[in-house]
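Working notes, beginning with the structure itself.
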Amino acid sequence: MPVIDMHAHAFPEKIMEKAVINLEEFYGLEIPNRGDLEGLLTAADEAGVEKIALHIAATKPSQVRQANDWIAAAVATYPDRLIGFGTVHPYYEDYKAELERMATLGLRGVKFHPELQNYVLDEERAMALYEAIGDRFIIMFHMGDERSHRSAPARLARVLETFPHLRVIAAHLGGYESWEEARKYLYGKNLYLDTSSALWCMKPEEAAELIRAHGVDKVFFGSDYPVATPGEELERLHALPLTEEEKEKILYTNALRLLRE
Ligand SMILES: [Zn+2]
């Protein structure tokens with residue numbers, strides 16, 4: 001069965017070590033993988049993952065351009081393997097020009113992480129940016145933080161009510177550790193979820209129930225590398241009490257359909 005990993009990270013060598021330590025500290029996790037692009041591609045090869053959506057999120061406005069250049073260079077090096085998700089910070093002044101540049105660079109999506117980017121998902125400046133993005137790019141949101149509520153599911157519901165034509169993926173089954181809120185505000189609506197950093201937090205039956213509650217045609221597989229390897233997450237996905245047909249949709253055909261739009 002072919003597989004697309006819709007949620008993976010790798011970092012430029014220069015900042016990699018610091019970036020992984022920051023993630024470990026922020027989430028209280030131990031991350032066993034280095035976070036380099038070669039490591040991601042090797043892990044994907046071992047798991048038989050065909051294509052990988054590679055994400056980066058600029059934690060400061062001043063990092064936006066170089067972060068997008070790095071993603072574009074990675075995609076240019078591995079055009080058959082990588083799907084580029086670039087970044088714009090909501091406080092980056094010249095966001096309209098950067099969106100044009102991202103389209104020229106061949107990037108397909110924009111990744112947002114309200115906690116690490118230090119903004120609130122539905123604040124005014126971010127809303128203007130989402131409006132400018134429109135349906136040109138797929139938007140991937142990190143979702144869920146019970147400590148800050150910056151990326152709370154209810155906030156994303158407000159964004160989608162204001163801009164219903166956005167093409168949104170809500171990561172971590174709609175809200176890391178906020179699954180009941182995600183169910184209430186997001187499930188069944190016109191958006192996608194991914195399975196990254198969620199399957200190891202719950203029982204297989206619970207994950208399968210959440211996936212079906214939203215709709216199995218609107219869920220993608222994601223590893224959240226370097227938090228986990230694609231192989232580890234594939235094992236978890238295959239352990240869910242879903243049919244082979246449902247798994248094929250999550251692992252491949254749903255993502256293919258969105259990427260061909
Ligand atoms: Zn992510």
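Ligands are counted one by one from 1 in listed order, and the atoms in each one are counted from 1 as well. Keep in mind that the numbers below use all heavy atoms, side chains included, and drop hydrogens, waters and symmetry copies.
Heavy atoms only, all atoms of each residue included: Leu259 and Ile138 are closest at CD2-CD1, 4.0 Å.
For the side chain to side chain contact (heavy atoms under 4.5 Å, CB included) with Leu107, the lone residue among Ile71, Thr87, Ile83, Leu54 that qualifies is Ile71.
Aromatic rings of Phe112 and Tyr130 (six-membered ring for Trp) have centroids within the 6.0 Å cut-off, being under it.
For the Zn ion (ligand 1), protein N/O/S neighbours under 2.8 Å (waters excluded) are His7 NE2, His9 NE2, Lys111 NZ.
Taking a cutoff of 4.0 Å between a charged side-chain nitrogen and a carboxylate oxygen, Asp145 and Arg150 do not qualify as a salt bridge.
In the model, Glu233 has no side-chain atom that pairs as donor or acceptor with a side-chain atom of Ser196 under 3.5 Å.
Residue Glu235 qualifies as open at atom CD: its count of foreign heavy atoms under 6.0 Å is 12 or below.
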